[in-house]
Amino acid sequence: MATFQSLPGFREFYPEDLARRNHIFRRWRQTAGTFGFAEYDAPVLEPLELYKTKSGDEIEAQLFSFKDKGDREVSLRPEMTPTVCRLVGAKANALKRPIKWFSIAEFYRYERAQKGRLRAFYQFNADIFGEPGPEAEIELIALLVQCLAGFGLTAEDFYVRLSDRDLWFFYLEALGFDDAQARELLGAIDRFEKMGDDAFKGYVEKFGGLTSDKKDAVLAFMKIRSLDALSAAIAPFAGEKLSARLADWCKVLDGLAAMGLGDFIQVDLSVVRGLAYYTGFVFEAFDRKGDLRALAGGGRYNDLIKKLGYPDLPAVGFAIGDVTTGLLLEQRGLMPNFVQAPDVYCVIGGEKERAAAFGDIHAIRAAGFRVDYPLKEVAFGKQFKAAAESGAKLALIYGADEVAKGVVKVRDLTERTEREVARADAVATVRDFFSGS
RNA sequence: GCGGUCAUAGCUCAGUUGGUUAGAGCACAAGAUUGUGAAUCUUGGGGUCGCGGGUUCGAGUCCCGUUGGCCGCCCCA
């Protein structure tokens, strides 16, 4: 038994695992490119203060934080948002708007690992800065959908729940709650799906009770699942603010529908997101079966960049995790089986023939084809077996007879046919074979 | 941080009321087989039975602790 293990919640990527990870990353990167997002990267290690400023001192319990040799308080990054806010904030006045950026990076959180949730994981992050209108939400939610649909997932497999913290605050204010009460209630709503009525215990303890008619009003708002129901619910409090907000909602839903993505979107006011810094639209992606935790989450955070000490810059963004995405793709049979098959496998008679084969092997590789061959002298029978098992389409046979004649035997491993070609034509023969197939 | 549950070969697992030197299949390697394909047969390497302690003449098996995995709670950027 091995003496050393990887740390809890950390993964090791054997070649097959890395092939799956790369498949996910490749699709994300390609999709973000088609949406006109530019890729960036940033340090893995950051000053601890960056996260405390953004999320409060309590966050330290969830961080991989420590003191470095220069006595600096540092932390491995638990998320990208503060970092990207710094990058954008530092050059806020020099960057062309809208700023559309994405990254694929590893993050670290000191928490108990569970299904779909590890201590080290990758996220695709996408953000739009400098656009206060709902057009940014359309663009980002469309990107989110395509980052999952690109794997072959459909509206049967996952959906995006869309909600709005601004509307919640308007509504709760109209019901007579102050700001502190409203924030506590949003926390309760966030937990309600899991805990039921117990979710309101914290509020009752803090503010000494919740009348049943007000609680019913909150629950009713939370159960809203359509735009019609939403506009009906806020109609009694109609005002300029609310009608403008409703217009934003129409814009987002109409825009996504015009892109053909209507089936992926579900109005769902029970989504509020745990974090306090979200300021408007918030959204989360889930699998339809509902046996996985969230696939992705995001929303608008217009005040955060200013809070970190930079110019006032509106922002909206989301992140998709690699763990849950991978689980869903496995569940739906959408994770391809990756085999590292060579294009060509060389069968080599003996040490004398090896030199001749080496010349061709290198030339064919230089021409861009994947070539493999046995490193040691092996019986012919074994080599043919190895050639078949390798998954190569073509075998090149360098036996004593062929080398003496100045030819190489080319065997089509699928058709089980073979012919001899002049050694000088070996590269051209391989190229022709693969350009024709 | 809390609770439940599990841990035997690279993988899946068997291992009797505690009893000799811990097994099988798959995988890997060698041979049968020095010129043609996923077969077959033979053979081999691989285990401090997660780790530490205890009970016992004797522990993979029973007890305690610990580490790790999985599931749930807290949290979820």
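Here is how names work: the chains are called A, B, and so on, in the same order as the sequence lines, proteins then strands, and each is numbered from 1.
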Whole-angstrom distance between [N] and [M], as gauged at atom [atom1]:
N	M	atom1	result
B/G52	B/G68	P	16 Å
B/G10	B/C71	C1'	26 Å
B/C70	B/C11	P	15 Å
B/U55	B/C64	P	15 Å
B/G44	B/G3	P	49 Å
B/A29	B/A38	P	16 Å
B/C74	B/C28	P	46 Å
B/A39	B/G23	C1'	27 Å

Without decimals, in angstroms, what is the distance between [X] [atom1] and [N] [atom2]?
X	N	atom1	atom2	value
A/Glu60	B/C75	CD	C1'	16 Å
A/Tyr278	B/C76	OH	C1'	11 Å
A/Arg112	B/C70	CZ	P	9 Å
A/Asp198	B/C75	CG	P	12 Å
A/Lys376	B/A29	NZ	C1'	11 Å
A/Gln114	B/G1	CD	C1'	13 Å
A/Tyr110	B/C74	OH	P	20 Å
A/Glu111	B/G1	CD	P	12 Å

**Distance (rounded to the nearest 0.5 Å) between A/Ser65 OG and A/Tyr110 OH** = 10.5 Å
**Prompt:** Does the side chain of A/Tyr345 come within less than 4.5 Å of A/Pro374's, by heavy atoms?
**Reply:**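 A side-chain contact under 4.5 Å exists here.
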**Asked** With side chains defined as the heavy atoms from C-beta onward, is the minimum distance between A/Arg86 and A/Glu46 less than 4.5 Å?
**Response** yes
**Asked** Closest nucleotide of RNA chain B for A/Leu118 versus for A/Arg293: which of these residues is on the 5' side?
**Response** A/Leu118
Base-pairing mate for [N] - Watson-Crick or G-U, with both contacts under 3.5 Å:
N	value
B/A38	none
B/G3	B/C71
B/C49	none
B/U21	none
B/A59	none

**Request:** Could you tell me whether the side chain of A/Arg117 has a donor or acceptor atom within less than 3.5 Å of a complementary atom in the base of B/C75?
**Result:** yes
**Message:** Under 4.0 Å, counting only non-hydrogen atoms across every strand here, what does A/Gly298 touch: a base, just sugar-phosphate, or nothing?
**Reply:**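 Touches nothing.
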**Asked** When we call it a touch if two heavy atoms are under 4.0 Å apart, what does A/Pro8 touch: a base, just sugar-phosphate, or nothing?
**Response** sugar-phosphate
**Request:** Please state whether the phosphate of B/G31, meaning OP1 or OP2, lies under 4.0 angstrom from any side-chain nitrogen or oxygen of A/Lys382.
**Result:**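 Checking A/Lys382 against B/G31: at least one side-chain N or O falls below 4.0 Å of OP1 or OP2.
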**Message:** So, does A/Arg273 get its side chain near the phosphate of B/A77, meaning an N or O under 4.0 Å from OP1 or OP2?
**Reply:** yes
Would you call [X]-[Y] a salt bridge at under 4.0 Å N-O?
X	Y	answer
A/Arg423	A/Asp360	yes
A/Asp412	A/Lys393	no
A/Asp164	A/Arg245	yes
A/Asp248	A/Lys251	no

**Message:** I need a per-nucleotide contact map over nucleotides 34-41 of chain B, read 5' to 3'. Cutoff is protein heavy atoms under 4.0 Å; write B for the base, S for backbone only, - otherwise.
**Reply:** SBBBSS--
**Asked** Are A/Tyr122 and A/Phe25 near enough that their ring centres are under 6.0 Å apart?
**Response** yes
**Message:** Using ring centroids (six-membered ring only for Trp), state whether A/Phe64 and A/Phe10 fall under 6.0 Å.
**Reply:** yes
